[in-house]
Amino acid sequence: MRFGFTEDQQRFRADVRKTLRSEPVRSAAAQATGADGVEPDARPLYRLLGELGLLAVHWPVEYGGQGRPLTDAAIVAEELVRAGVPDTLHVNTIQIVGQFLLMAGDAEQKRRHLPALARGESFASVLYTEPDAGSDLGALQTVAAPDGDGYRISGTKVFSLKTRFVDLGLCAARTSPDAGKYQGISLFLVDLRAPGVRVSVIPGIGDEHFHQIELDAVRVPGENLLGPRDEGWPLLNEALTIERTGLDYFLKAEHWLQAALESLIDREPGSTHVDYVEQIGRWKGALAADHALAWEVLTGIQADRIDPVAAAVAKYHSSELAQSIAAWAVDIPSPEQRADRTRSARILNSAYREAPGLTLSAGTSEVMLQIMAAAFDSLEHQEH
Amino acid sequence: MDLTPDPLFVQVRKALRTALAAVPVQPGVHGAPVADGGCGPTRTVLDELGVADFERPAFVGGLELGLTAGVLVSEELGRAACGNSYRGDAMAADVGCPAGGVALAGLEALPAGHGVTATPGATGWELTGTVTVDDPDPALLLVPVTTGFAGPVLVAVPRDAAGVSVQAGCWPPVVRFEATPVTPTDVVGELDQALAGPLARARLRQAGYLLGIADGAHRIAVEYTGFRRQFGARLRDLPAVSFPLARAMVALRATSAAVYQGAWMVDNEPDTVGTEPIMALALAAETARDVVRVSMQSCGVRAMTAELGLHRYFRLAAAESARYGDPAALWRIVGADCLRTARRAAAGMELPAAATTGV
């Protein structure tokens, strides 16, 4: 067990940090950061990061990566957020869809899609949720009907982020509609520029808006089926577990606490902030624990040990923590700071509006608790 | 980072757990819930397993397993709801005192209180104060003392020194110092608030003990709610019961991560240790209180009787969560340090690239 980073990892982190502190990256990151409900196009920033080779360092070289371990990719993810890079495109494109392709895709699918994702030339999003299938994904109604050597997908997907900026959707659809709730589901890569796809914005309270995607008999070639036909449910669960490292939520929590401290120091530079220090201490302790929980999941994935309970614990802890920090910090900026629209005031305002989504996305907190509660039987068995 | 459990510690844990399960427990629901102290009923178990050698350096014949092993021992003692016969001797070893019958007293006054104060006396100081002690019949007391000149120092006081009286009629027991004379040679160490010194090590062992108390109570609650039926279902199948237990599991795992991270840092990167031991202790103290309370609630009124054994955890959680200082005061130390770090960063002083968390 090692809680620290190796010298190699520290050197790698320092190199990444130095690269991300360069003026072009800082400038592009600032332009990609939303505020007041305005969501800029972050793709120019990601193209720059792709040119720098930072988007998918853990992917094999043949697929556009550097062949480094997954844990190095986590180090990059940490440094991206600490450098002020808005991370949703990275999380969706690389950490979720790209990672899923890497695990479940065939060689041709990887060759065709991964290099462009790694270069920041192509972007992806997940298309799971439907108007009547939220946490209960087994209720999804989108259908993929056979059509020659491919399929035609029809249905409606909702509440995905960044979809109007992306090219590919990882879409769950029924290929055998009568097979049962959790059977007959397959996963596809859908070209979101294809005829029959209509993407519209659902305005939300955050700076990143939701989308509705109408799929009207969208033609999907057979080679875009990911994994075996009708066997999508276990793949879907594996994909969801990979999403739930908690690292992205930890990074938000850390970023928001940092902004709160910045605001406190800026508004009263000489103060000891006696009214705040106890709670700040608690957040700091919770963050340290949270970081270790995320890395426990990450090192498990790196070693091919995907533990859904550890992932549920990490996701629950990190998302609840980030949300709690956002709620606590929203009142910290002074009226003057708010009027001056200081950096910390903008971050904390945005955080408060983003935070409700954290305990909903990638599995609600209630679903996480259900996963843990269902594991009590097996944990009790291990005990004896 | 690589958080794969170390196979050696898995074996040590298993051996401890098996051996401690055979230790007889206090039967009653009143009086002391555990037999305290270095000579308590767990002493034989620990001696048979050679636990005293776990942390001891190799050059004096120990196994040099590090503080991590000491934390693990403490955790298993707590998990079995046993008194802690380990911490006194472990701290004695850290400060170079002979082990055997050593009791810690007055650590609850840390970090900012004045449990025992020293005033100048004929040959050194005279100690005055009344504080908690973790053994009703110690041979030697190690007690933090505020001298008024600097931070607290750790003083070794023989049980039979003048003015020392142990009150064993209450639990936890209490020791009174009434003009007890000590000399500068009785000072066995300084108690710095951070770094990887004896106080940090003691805090992490106590954090492990508290983690074990919480985990033991949770285990009983999960087991009981798995067969107790109400409304035609197992209690554990009712979300109103299972969700609080699941949240408690999250707290336990988070606390475990913080505690073992702190111990790992002391063992492997002592120069980088800051407030991690304080964070671990504060987190473990609050987790123990919260998880034991949830566990009691999940098990209903039987938790208040001797039937499930939960009452021992409940009593222990109260006494042990503040034994090494008020968690709120500990959090204030962490928060103040956090602000100082942020201030330095705002002034343009770059933080080390290896920092595990940026805040």
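Lettering of chains follows the sequences in order, A, B, ..., and the numbering in each one begins at 1.
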Exercise. Check side-chain hydrogen bond (donor to acceptor under 3.5 Å, both in side chains) between Q370(A) and all other residues, then give those that pass, not counting sequence neighbours.
Key: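 For Q370(A), no residue satisfies side-chain hydrogen bond (donor to acceptor under 3.5 Å, both in side chains) once neighbours in sequence are set aside.
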
Exercise. Name the member of D337(B), D6(B), V222(B) that forms the most heavy-atom pairs with chain A at distances under 4.5 Å.
Key: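 Ranked by heavy-atom pairs under 4.5 Å with chain A, first place is V222(B).
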
Measuring heavy-atom distances to chain B, does [X] have an atom under 4.5 Å in its side chain, in its backbone, in both, or in neither?
{"X": "A310(A)", "result": "both"}
{"X": "S318(A)", "result": "neither"}
{"X": "E296(A)", "result": "both"}
{"X": "Q279(A)", "result": "neither"}
{"X": "R305(A)", "result": "side chain"}

Exercise. Give the C-alpha distance, both sets of side-chain angles, the deciding distance and a yes or no for salt bridge (charged side-chain N to carboxylate O under 4.0 Å, His left out) between R82(A) and E79(A).
Key: CA-CA 5 Å; R82(A) 288 169 185 169; E79(A) 293 305 318; 3.6 Å; yes

Examine whether an atom of [X] lies under 4.5 Å from a heavy atom of chain A, and if so say whether it belongs to the side chain, the backbone or both; otherwise answer neither.
{"X": "L283(B)", "value": "side chain"}
{"X": "F9(B)", "value": "neither"}
{"X": "A328(B)", "value": "both"}

Working to the nearest 0.5 angstrom, can you tell me the gap between [X] [atom1] and [Y] [atom2]?
{"X": "E366(A)", "Y": "S135(A)", "atom1": "CD", "atom2": "OG", "value": "7.5 Å"}
{"X": "E262(A)", "Y": "R267(A)", "atom1": "CD", "atom2": "CZ", "value": "13.5 Å"}
{"X": "K284(A)", "Y": "M279(B)", "atom1": "NZ", "atom2": "CE", "value": "5.5 Å"}

Of all of [options], which one pairs up most often with chain B through heavy atoms under 4.5 Å apart?
{"options": "I280(A), V277(A), L264(A), V309(A)", "result": "V277(A)"}
{"options": "E320(A), Q302(A), E278(A)", "result": "E278(A)"}
{"options": "L251(A), L298(A), T71(A), T299(A)", "result": "T299(A)"}

Practice problem: Check ring-ring contact (aromatic ring centres under 6.0 Å, His included) between H90(A) and all other residues, then give those that pass, not counting sequence neighbours. | Solution: none

Exercise. Measure from NZ or CZ of R13(A) to the centre of the six-membered ring of F5(A) and say whether it is under 6.0 Å with the direction within 45° of the ring axis.
Key: yes

Indicate whether the side chain of [X] and that of [Y] have a donor and an acceptor atom separated by less than 3.5 Å.
{"X": "Y276(A)", "Y": "S271(A)", "value": "no"}
{"X": "Y260(B)", "Y": "E75(B)", "value": "yes"}
{"X": "Q95(A)", "Y": "E243(A)", "value": "no"}
{"X": "T6(A)", "Y": "D8(A)", "value": "no"}

Quiz prompt | Worked check of side-chain hydrogen bond (donor to acceptor under 3.5 Å, both in side chains) between Q261(B) and E276(B) | solution = CA-CA 8 Å; Q261(B) 180 164 28; E276(B) 287 82 2; over 6 Å; no

Quiz item: What parts of residues 247-254 of chain B touch chain A if we use heavy atoms and a cut-off under 4.5 Å?
Solution: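 R247(B), M249(B), V250(B), R253(B), A254(B), listed by number.
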
Practice problem: Sort by residue number and list every member of residues 231-243 of chain B having a non-hydrogen atom under 4.5 Å from chain A. | Solution: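 Under the 4.5 Å heavy-atom cut-off, R234(B), R236(B), S242(B), F243(B) qualify.
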
Self-check item: Derivation and outcome, side-chain hydrogen bond (donor to acceptor under 3.5 Å, both in side chains), residues S321(B) and R289(B)
Solution: CA-CA 7 Å; S321(B) 61; R289(B) 287 180 187 172; 2.8 Å; yes

Exercise. Applying side-chain hydrogen bond (donor to acceptor under 3.5 Å, both in side chains), run through S365(A) and T359(A) and close with a yes or a no.
Key: CA-CA 5 Å; S365(A) 284; T359(A) 52; 4.7 Å; no

Exercise. Using the six-membered ring wherever Trp is involved, compare the ring planes of F250(A) and H291(A) and label them parallel, tilted or perpendicular (cut-offs 30° and 60°).
Key: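 Aromatic pair F250(A)/H291(A) classed tilted.
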
